[in-house]
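The structure displayed is predicted, hence computed values, not measured ones.
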Amino acid sequence: MALLIILITCFVIILATSQPCQTPDDFVAATSPGHIIIGGLFPIHEKMLSSEDYPRRPEIQKCVGFDISVFLQTLAMIHSIEMINNSTLLSGVKLGYEIYDTCTEVTAAMAATLRFLSKFNCSRETVEFKCDYSSYMPRVKAIIGSGYSEITMAVSRMLNLQLIPQVGYESTAEILSDKIRFPSFLRTVPSDFHQIKAMVHLIQKSGWNWVGIITTDDDYGRLALNTFTLQAEAKKVCIAFKEVLPAFLSDDTIEVRINQTLEQITLEAQVNVIVVFLRQFHVFDLFNKAIEMNINKMWIASDNWSTATKITTIPNVKKIGKVVEFTFRRGNISSFHSFLQNLHLLPSDSNKLLHEYVMHLSACAHIKDTDLSQCIFNYSQGTLAYKANKTIERNFFMRNGFLWDYAEPGLIHSIQLAVFSLGYAIQDLCRARDCQKPNAFQPWENIQSKCSKECSPGQMKKTTRSQHICCYECENCPENHYSNKTDMPHCLLCNNKTHWAPVRSTMCFEKEVEYLNWNDSLAILLLILSLLGIIFVLVVGIIFTRNLNTPVVKSSGGLRVCYVILLCHFLNFASTSFFVGEPQDFTCKTRQTLFGVSFTLCISCILTKSLKILLAFSFDPKLQKFLKCLYKPILIIFTCTGIQVIICTLWLIFAAPTVEVNISLPRVIILECEEGSILAFGTMLGYIAILALICFIFAFKGRKLPENYNEAKFITFGMLIYFIAWITFIPIYATTFGKYLPAVEIIVILISNYGILCCTFVPKCYVIICKQEINTKSAFLKMIYSYSSHSVSSIVMSHASLESMHSNVTMTNPSSSDKSATWQKSKDLQAQAFAHICKENATSVSKTLPRKRISSI
């Protein structure tokens, strides 16, 4: 009797589990309530049991072939939702979920999708027909899944009607990137285009040009085959054979096609590299039979099966050869590992998948871990059910570490990204809404939201420390960088030679070409000063010409010397115009040469004047003898100027100044004259400085000569102005940068030119115009006589003193005859000095006037 009761109980359990779902709730694999429901589609079972030869009734059949790795994917979704609920991401709002098993069949996936589309909070589970679903409230706000691309495409076409967001974690078919066909589809993995491109690149670089390819007979397989063929042909890689297997295990011809494929591989003995775009269960059966047939090749694995732990459990799997895997980017999934360690604490009342796993685990309690996955798969093919008890729970707790070995990190990370991207999108929508109400927002609004806001043009994405690559911060592009699209991963660099960009720029701008332009306010001011200097030179020339016969003009060396000096000043002022305007080769070479030669000529003329003044009014015989030997005016002028001409000529021949395009500034291009040789430039200025120093020494010696006609003290002052200006110029010129660098030299030229011009000619013009009474011959002679008498007396007294010391004779009461002798000697010396001055001045004047106009001086 007890045996009969047990048999009846088992029969009831078997009957219950073998029947397809009776109500929609029976179809749900796992569920949890919440303010916002997220749907999930996972191929937890590998196939659906067929009812006889073809469907007799339109009913959902039972699924078999429990897949541990996909079961872990559903747990990853549950874990990610729990992480969000336990965080402050959606404060006060709880996410719920409804997870369905697609059984790796489009039919089951479509059934689950119909339930997703049914009206929220409706007891009849109906899908309403509407022309506009903008205000329609479906059961879920978004969907994660559904794994394989073939199923994803079918589901996405249904979801397009209501624009419910679908986030794929594994579907890599390139066609899913088409936003016209799949506007509500998003994914956290790259498309096959990039994977296939990497495969072809590997094949080409490895020198393989004769390969085979195996795909599935669905949209995913056909698209992958077409893309691979096109890219392989472009890289000169030939395809020996193309084998296509049925997409689903429920197809009865799948074993036949696998055998035919392996026979083709055997026939193509020269093909040693095979590209495989298959699902895990295809590869599992393919490799098992390949090992039996001793087929050893190089297999290139697509992301569909590259990390499948199930493949590694095949006995003698190493005999198939080498496998090159292409997989997804991995992230930090350590928290998921902790979740699995405590999986036995997860309630299984609303999680049928967990309950089924526990039962299968109990049935395979005697199996070691390496074979446990296959044991669970085999048991799930049948219809036996096991009642949970304490022993089962204990086995579950003891073997929960086994699951971690079957976790595929790339896919787990992709699922986490999918869930968190939806979480951040919902957070964005709930900032101004009460999301505890089910009608707070429509599902299609999620499509317009992201984990992070779009980075606008002019910004770039900066990944945060979060493990989620979809979550990032927007950072402005730095200077000289730009971005012209949204969500650019990095900013593009402008061509620094010709373009620039400000911070947060969407484009590059051409650099403005700058130089000291004619219309620049500083340039205009400096040119006005130069023009005033030229006018001043002309005015001085006119004044001196009209007062040609006056002592002031004659004492200045005559009209010729004055004209030469004034011409030099004119050229100096004119040379400043070559520093303004767009630099050209001619202006660069002319400006320094013109200034250097003309200024040297000016200093040489002033040097001869200093020597002449010192010679005319010096009564020291030794000094006079030296000055007479040195004083050769024409020779001095030509020699001094000639040396400068040689310096400038060598400069122009060996290292001439040229136009340089300076691009070191971030926003402008500076056109400037590159001096060619700093040594030559320094030599030119240094030579002028040496002449100015000699001129300063001679002028300083004669600073106490007759005041009204003495130029020495003014020449001394003019040379001081020159030294101060050019000593100041050196550090300023060395530290100034940009278009105003030529202005620095113009200012120094103007200061030194004005200083020497004013010190040389202004006092004389003042005497000519305002002190006409002292600009006469008689006044001039009187002044010279007075100065000569004073100087001779000083010399006589000095000479007498020397003689007295030399003779050692003390004279306390000199006689009248001695006084008479001394007085006579003094008069003789005065006469000699006066005669020398008259001779010098007569010689000077005779060079500029006819003989009859020579002064009696």
> Which residue pairs satisfy the ring-ring contact (aromatic ring centres under 6.0 Å, His included) criterion with at least one member in residues 474-504, sequence neighbours excluded?
Replying inline: W500-F509
> Looking only at heavy atoms, which two atoms of P457 and T486 are closest? And how far apart?
Replying inline: CD-CG2, 3.8 Å
> Counting N and O atoms only, with roles assigned by atom type, does the side chain of T641 sit under 3.5 Å from a partner on the main chain of F638, one being a donor and the other an acceptor?
Replying inline: no
> Do Q459 and S456 have side-chain atoms, one donor and one acceptor, less than 3.5 Å apart?
Replying inline: yes
> What closest approach, in Å, do V540 and C765 show between heavy atoms, and which atom pair accounts for it?
Replying inline: CG2-SG, 4.1 Å
> Do you know which two heavy atoms are closest between C648 and V597, and how far apart they sit?
Replying inline: SG-CG2, 4.2 Å
>> For the CD atom of E745 and the OG1 atom of T736, what is their distance to the nearest 0.5 Å?
In response: 11.5 Å
> Quick one: are F579 and Q592 in side-chain contact, heavy atoms under 4.5 Å?
Replying inline: yes
> Does any N or O in the side chain of T760 come within less than 3.5 Å of the main-chain N or O of L757, such that one atom is a donor and the other an acceptor?
Replying inline: no
> Which pair of non-hydrogen atoms, one from N662 and one from S664, has the smallest distance, and what is that distance?
Replying inline: OD1-OG, 2.6 Å
>> Rounded to the nearest 0.5 Å, what separates atom CD in E660 from atom CD in E672?
In response: 5.0 Å
>> Is the shortest side-chain heavy-atom distance between N753 and F599 below 4.5 Å?
In response: yes
> Should the ring pair F544 and F761 be called parallel, tilted or perpendicular, given that the plane angle runs from 0 to 90° and is split at 30 and 60?
Replying inline: perpendicular
> Using 30° and 60° as the class limits, which term best fits the ring planes of Y722 and W726: parallel, tilted or perpendicular?
Replying inline: tilted
>> Can a donor-acceptor pair be found, under 3.5 Å and without considering hydrogens, that links the side chain of N484 to the backbone of M507?
In response: no
> Quick check: does any side chain N or O of D487 sit under 3.5 Å from a backbone N or O of C455, one acting as donor and the other as acceptor?
Replying inline: yes
>> Quick check: do I768 and V553 have side-chain heavy atoms less than 4.5 Å from each other?
In response: yes
> Can you tell if the side chain of I732 reaches within under 4.5 Å of the side chain of T728, non-hydrogen atoms only?
Replying inline: yes
>> Using the rule given for side-chain contact (heavy atoms from CB on, under 4.5 Å), can you reason through Y740 versus D520, listing the C-alpha separation, both sets of side-chain angles and the distance that settles it, and then say yes or no?
In response: CA-CA 10 Å; Y740 290 110; D520 190 279; 2.9 Å; yes
> Quick one: does E582's side chain get under 4.5 Å of Q584's, heavy atoms only?
Replying inline: yes
> With a 4.5 Å heavy-atom cut-off, do L750 and F573 have their side chains touching?
Replying inline: yes
> When rounded to the nearest 0.5 angstrom, what is the spacing between CG in L516 and CD1 in I746?
Replying inline: 5.5 Å
>> Tell me every residue that passes ring-ring contact (aromatic ring centres under 6.0 Å, His included) with Y515, counting only those two or more places apart in sequence or in another chain.
In response: none
>> Is there a side-chain contact between F595 and M684 in this structure, where contact means two heavy atoms from C-beta onward sitting under 4.5 Å apart?
In response: yes
>> I need the I721 CD1 to T716 OG1 distance, nearest 0.5 Å.
In response: 11.5 Å
> Is the backbone N or O of I636 less than 3.5 Å from a side-chain atom of T639, with the two atoms forming a donor-acceptor pair by type?
Replying inline: no
>> Run F729 and I747 through side-chain contact (heavy atoms from CB on, under 4.5 Å) and show every step you take.
In response: CA-CA 9 Å; F729 163 78; I747 292 170; over 6 Å; no
>> Would you say that more than 12 heavy atoms from the other residues, nucleotides or ligands in this model lie under 6.0 Å from the CD1 of I634, or not?
In response: no
> More than 12 foreign heavy atoms under 6.0 Å from OH of Y687: is that the case here?
Replying inline: yes
>> Filter on disulfide bond (SG atoms under 2.5 Å apart), then keep only pairs touching residues 653-682, sequence neighbours left out; what's left?
In response: C588-C673
> I603 versus I756: any side-chain heavy-atom pair under 4.5 Å?
Replying inline: yes
>> Would you compute the distance between atom SG of C758 and atom NE2 of H569 and round it to the nearest 0.5 angstrom?
In response: 9.0 Å
>> Would you call the rings of Y733 and F681 parallel, tilted or perpendicular, taking 30° and 60° as the class edges?
In response: tilted
> Has the side chain of T683 got a donor or acceptor atom that lies under 3.5 Å from a matching backbone atom of L679?
Replying inline: yes
> Between I637 and C605, which heavy-atom pair has the shortest distance, and what is it?
Replying inline: CD1-SG, 3.9 Å
> For the side chain of K511 and the backbone of I670, is there at least one donor-acceptor N/O pair under 3.5 Å apart?
Replying inline: no
> Under the criterion side-chain contact (heavy atoms from CB on, under 4.5 Å), which of I543, T550, I542 is the partner of R546?
Replying inline: I542
>> Check this for me: F570, atom CZ, are more than 12 non-hydrogen atoms of other residues, nucleotides or ligands nearer than 6.0 Å?
In response: no
> Hey, is the main chain of S677 close enough, under 3.5 Å, to the side chain of E675 for a donor-acceptor pair?
Replying inline: no
>> What verdict does the side-chain contact (heavy atoms from CB on, under 4.5 Å) test give for I663 and N496, after you've listed the backbone C-alpha separation in whole Å, the side-chain angles of each residue and the deciding distance to 0.1 Å?
In response: CA-CA 8 Å; I663 60 172; N496 287 336; over 6 Å; no
>> For the cysteine pair C602/C568, does the gap between the two SG atoms stay under 2.5 Å?
In response: no
> Looking only at heavy atoms, what is the nearest atom pair of G458 and T506, with distance?
Replying inline: N-CG2, 3.8 Å
> T576 and L526: side-chain contact (heavy atoms from CB on, under 4.5 Å), yes or no, with the steps?
Replying inline: CA-CA 8 Å; T576 58; L526 296 177; over 6 Å; no
>> Rounded to the nearest 0.5 Å, what separates atom CD in Q644 from atom OG in S604?
In response: 9.0 Å
>> Determine whether the aromatic ring centres of residues Y754 and F536 are separated by less than 6.0 angstrom.
In response: no
